[in-house]
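Heads up, the thing below is written out as structure tokens.
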Amino acid sequence: MKRFALTLVAVLSASCALPVSTDKQDVTFLVVGDMPYNASDERLLAKTVQWSQAQQLPFVIHVGDYKSGGKPCTQKYDDDFAQLLEDFAPVPVFYTPGDNEWTDCDRFENPTTGEKYSELQRLDEVRRRFAAHTPNGSAALMAEQQQAMPENMAWQYQQVHFMTVHVSGTNNGRDHVAVDDLAVAADAAAAREQAALAWIEQQFAQAKATQAEAVVLAMQADMTVHDGFHEQIPCTTVARGNQQCDAYRVIRVAIAQQALAFAKPVLLIHGDTPEFELTQTFAGNEAPNLWRLNAAGDAGVNAFGVAYGVQDVTQVTFTGDPSQPFEMKGVFNSN
């Protein structure tokens, strides 16, 4: 298991009524993602709930994919995830949608209708179940939601400004649209993208206004450039299959530009791929103060019997130490 360091510090909002402290305090929280897919994940999460409550964590971030993409999108998995959020209480859980629970659902038939799921209807259901309001227990964190896309949330803890941004896999919902009308799906994808860009800009402005010393963004998708990405060609439509375009490019550029202008440490957290790492490799010439954490969780055995990824949850700590102020480790498999 790898451990890394990143310079991250923070200050309390000057605009709120709380007294501003010049003391740098550790900021520790938990990141969960890409689970539960199976009984082993469920056992790990049961231990995680107990651990988080014993640690008295201020909040948990779930970066999406609360079910396997190979399982149908039945209500059972929504109910199971809702129960997990209750189990974590009183620790609030900030969740950002993954592709497994909506964009991938049109692979399967809805047992109620006998027809394949509409992924856009699935997203509506995910929003209804998990974005109707900010997480229980999050009022002390000054949590807020974006009106246009309520799954985009923001909050503040000690000296760090946090946000979730709905950016999912399957080329950000633009590929493999099997059921929905393509024009309707294209409009929906464009609306999500514009809302994400507006939310990122708004929250960086808020971080500046409150004199935050760090910004943390969380999303599901791994937006790094890799084989199969056509990063010079932004997507403008949706398709039934794969497109030769990169739906993440404009969001990557926006984050890098906002990070550069912010001029203080910025951390992007995501799941979706098995590498468990903290790095500044993102897409090329990004801001020098921008870091990326690929959280633990995406793990299993591939079709060739080869194990991949790290089955764990990730503890993230901002220490404020100028030399090594950021620590990341797996909670149960940190060696």
Side-chain angles (χ1 to χ4, degrees), residues 1-4 28-52 55 57 60-73 76-78 80-81 83-85 87-88 93-105 107-108 164 167-171 218-229 248 267-279 281-282 291-317 327-335:
M1 190 66 60
K2 301 178 181 178
R3 300 189 182 196
F4 305 85
T28 297
F29 60 95
L30 185 70
V31 178
V32 180
D34 298 284
M35 65 172 61
Y37 289 2
N38 49 45
S40 179
D41 282 349
E42 290 172 359
R43 290 191 294 270
L44 178 68
L45 283 176
K47 292 196 301 180
T48 300
V49 168
Q50 294 179 341
W51 178 86
S52 66
Q55 295 292 316
L57 294 178
V60 173
I61 300 175
H62 193 296
V63 291
D65 282 0
Y66 60 71
K67 58 169 286 295
S68 168
K71 295 178 180 178
C73 300
K76 173 189 182 303
Y77 298 109
D78 297 341
D80 288 348
F81 187 59
Q83 183 61 55
L84 177 65
L85 302 185
D87 291 344
F88 268 109
V93 181
F94 290 92
Y95 156 74
T96 187
D99 55 357
N100 287 3
E101 50 262 33
W102 76 274
T103 74
D104 293 346
C105 291
R107 303 175 186 176
F108 306 100
T164 58
V167 180
S168 68
T170 324
N171 215 7
M219 63 180 60
Q220 186 250 340
D222 181 351
M223 300 194 299
T224 52
V225 176
H226 51 74
D227 290 345
F229 270 37
Y248 306 114
L267 177 64
L268 171 65
I269 302 173
H270 68 84
D272 198 32
T273 51
E275 292 77 17
F276 182 32
E277 61 183 2
L278 178 73
T279 177
T281 301
F282 188 39
W291 293 71
R292 179 179 62 86
L293 169 62
N294 192 345
D298 185 21
V301 178
N302 66 20
F304 302 99
V306 178
Y308 64 88
V310 176
Q311 186 189 41
D312 208 341
V313 294
T314 310
Q315 177 181 317
V316 183
T317 301
E327 296 175 354
M328 175 275 284
K329 67 178 181 179
V331 171
F332 302 107
N333 299 295
S334 58
N335 294 325

**Prompt:** Roughly how far, to the nearest 0.5 Å, is the CG atom of D87 from the CD atom of Q50?
**Reply:** 10.0 Å

**Request:** Please examine the side chains of T314 and F276, heavy atoms only from C-beta on, and report whether any two atoms are closer than 4.5 Å.
**Result:** yes

**Prompt:** Is any side-chain heavy atom of T48 less than 4.5 Å from a side-chain heavy atom of F88?
**Reply:** yes

**Prompt:** Would you say the side-chain atoms of T96 and T164 include a donor-acceptor pair closer than 3.5 Å?
**Reply:** no

**Message:** Nearest 0.5 angstrom please: K47 NZ to F332 CZ, how far?
**Reply:** 5.5 Å

**Request:** Kindly give the heavy-atom pair with the smallest separation between I61 and A218, and that separation in Å.
**Result:** CG2-CB, 3.7 Å

**Asked** So which heavy atom on A299 is nearest to which on G309, and how close?
**Response** CB-C, 3.7 Å

**Complete:** So CG of L267 and CZ of R292: to nearest 0.5 Å the spacing works out to 10.5 Å

**Asked** Atom NE2 of H62 and atom CG of L45: how far apart are they, to the nearest 0.5 Å?
**Response** 6.5 Å

**Asked** In Å and rounded to the nearest 0.5 Å, what is the CH2 to CG distance from W291 to L268?
**Response** 13.5 Å

**Prompt:** Any idea which heavy atoms bring G64 and Y95 closest together, and the distance?
**Reply:** CA-CE1, 3.9 Å

**Message:** With heavy-atom distances below 4.5 Å as the criterion, would you say the side chains of V31 and F29 are in contact?
**Reply:** yes

**Prompt:** Is there side-chain contact between H270 and V63, with heavy atoms separated by less than 4.5 Å?
**Reply:** no

**Derivation and outcome, side-chain contact (heavy atoms from CB on, under 4.5 Å), residues T224 and T281** = CA-CA 8 Å; T224 52; T281 301; 5.7 Å; no

**Asked** For Q311, which of D34, D298, D41 qualifies under side chain to side chain contact (heavy atoms under 4.5 Å, CB included)?
**Response** D41

**Message:** Has N294 got a side-chain atom pairing as donor or acceptor with E275's backbone, closer than 3.5 angstrom?
**Reply:** yes

**Prompt:** If you look at every heavy atom in Y248 and S168, which pair is closest and at what distance?
**Reply:** OH-O, 2.7 Å

**Asked** Is any side-chain heavy atom of D78 closer than 4.5 Å to a side-chain heavy atom of Y66?
**Response** yes

**Asked** Does one side chain, of T28 or Q55, offer a donor that lies under 3.5 Å from an acceptor on the other?
**Response** no

**Asked** Taking side chain as C-beta onward, heavy atoms only, is W51 less than 4.5 Å from Q315?
**Response** yes

**Request:** Could you pull out all residues at least two apart from Q220 that satisfy side chain to side chain donor-acceptor pair (under 3.5 Å)?
**Result:** D65, D99, D272

**Request:** Can you sort out the partners of F282 under ring pair (Phe, Tyr, Trp, His ring centres under 6.0 Å), two or more places apart, ordered by chain and number?
**Result:** none

**Prompt:** Taking D312 for the side chain and N333 for the main chain, is one N or O donor matched with an acceptor at less than 3.5 Å?
**Reply:** yes

**Asked** Among L84, V60, L44, which one satisfies side chain to side chain contact (heavy atoms under 4.5 Å, CB included) with V32?
**Response** V60

**Asked** Going from CD on E101 to NZ on K67, what distance comes out if it is rounded to the nearest 0.5 angstrom?
**Response** 7.5 Å

